[in-house]
Amino acid sequence: MKSRAKEESRAGILDGARVAEEIKREVAGEVARMKSEHGVRPCLVVVQVGDDPASTVYVGSKVRTSEELGLLSERHALPADTTTEELLALVHQLNEREDVDGILVQLPLPKGIEEQRVIEAIDPAKDVDGFHPVNVGRLALGQAVLAPCTPAGIIELLERAGVIIAGAHAVVVGRSQIVGRPVAQLLLQRDATVTICHSKTRDLPGITRQADILIAAIGRPGFIRGEHIKPGATVIDVGINRISDEKAARELFGDEAERRLEIIARRGSTIVGDVHPAEADRVAGLRTPVPGGVGLLTVAMLMRNTVEAARRRRGLS
Ligand code: GUN
C-alpha cells in the first residue's frame, strides 16, 4: 500500500523520444511528397569549426537524421584555427548555392571567431536555427517562420501532451538567445502569461513556484529543486550537464541512482538536467527526463525547419 501511494505521487513523464519520432515520421512523409510531386530534395548543410566533442555528437546526429528522413545533407568540418573571414566566405558561398536550403553553423564557435557576424551573414531564408536578427525580430512580432529548434520542440512536446498553454503562467529560467528568450516568445504567442527569470532575479523560488509551466534552461546540474516547483506543475528541463561525482548522482537520482552509478562506472560520467530529478518527481505533475526529453526534439525540429525553408525558397505549397 505504501509503495502504491508513492507510485501515485510521482510526476508523469513527457516522452521526448516518442514525440521526436512522430515529428520525424511527419517530416519524412513531407520529404517523400516533395520529391514525388516536385522532384525536390531539401538540402541541409551543417558546419562545424574545431573538434569540440559535444558538437561532434550533435552535428553527427543532425547529418544522420537528415539522411534517415530522405533529405540531402552536407557536413563541413573546419579546423579550430579557421578565421572569421574564412568562415564568412564559406557562409557566402552556401548562401549563393541554389541547391542549399538550410545552413547551420554549430555553436559555440572557437574563441576568436566573431559568432554574431557569422550568424548575421547567413541568408535569413536559409537560417534553419532561427538565430539571424531578422528571424529573431519576426519571432518577436509573432510572425516566426523559422523559430529556433529547441524552443519550437518544447512547444510541440507541450501541445502534443495536451498541456494547456493559453492562460497558463509560464516561467522561463534562463535568458539565452538559443532557448530562454525564444521559448518565452513562443509561449507568449500562444497566450501564456510569461515571466523570464535569470541570475539576477530576486526570490527565484517565490516566482518559479507560481509557474503552471516551468522551463529550466540555465546550465547548472539539478539547480531547480522541489522548493522551486508548484505541486502538479509541468516542468521542462532543457539542461544537459555531465556529472561524474558518485555522491552527487546518489543525491540527484533517488530510485534511479544505481543505474546512473553504473553509467558513471562504465563511461566516466552521466547526464543530468537543470532540474533535480528525484525532487521534481515528488512535486511536479509532468516532467521531461534527461536524457530522453527535450534534446531529441531539437534535431526533429531542425528537420522540419529545413523542409519549411525549402518549401518557401522554392515556392512550393
Ligand atoms: N549549439 C547548441 N544548440 C545549438 C543549436 O540549436 N544550434 C546551433 N547551431 N548550435 C547549437
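Ligands are counted one by one from 1 in listed order, and the atoms in each one are counted from 1 as well. Since we're looking at a predicted model, the values are computed, not measured. Index from 1, following the sequence.
- Contacts with ligand 1 closer than 4.0 Å are made by side-chain heavy atoms of Phe131 only, the backbone lying farther away.
- Polar contact check, Asp129 against ligand 1: a nitrogen or oxygen pair lies under 3.5 Å apart.
- Residues Val171, Val173, Leu204, Ile207, Leu214, Ile218, Phe223, Ile224, Val235, Val275, Val283 make up the rest of the hydrophobic cluster containing Ile229, defined by ILVMFWY side-chain heavy atoms closer than 4.5 Å, directly or through other members.
- Every residue two or more places apart in sequence or in another chain was checked for a ring-ring contact (aromatic ring centres under 6.0 Å, His included) with His276, and none qualifies.
- When side chains are defined from C-beta on, Glu308 does not count as touching Met303, because their heavy atoms never get closer than 4.5 Å.
- Looking only at protein heavy atoms, the nearest one to atom 10 (N) of ligand 1 is Leu107 N, 3.0 Å.
- The number of heavy-atom neighbours closer than 6.0 Å to CD of Glu37, taken from other residues, nucleotides and ligands shown, is above 12.
- Within ligand 1, the atoms closer than 4.0 Å to a non-hydrogen atom of Leu104 are 9 (N), numbered from 1 in the order shown.
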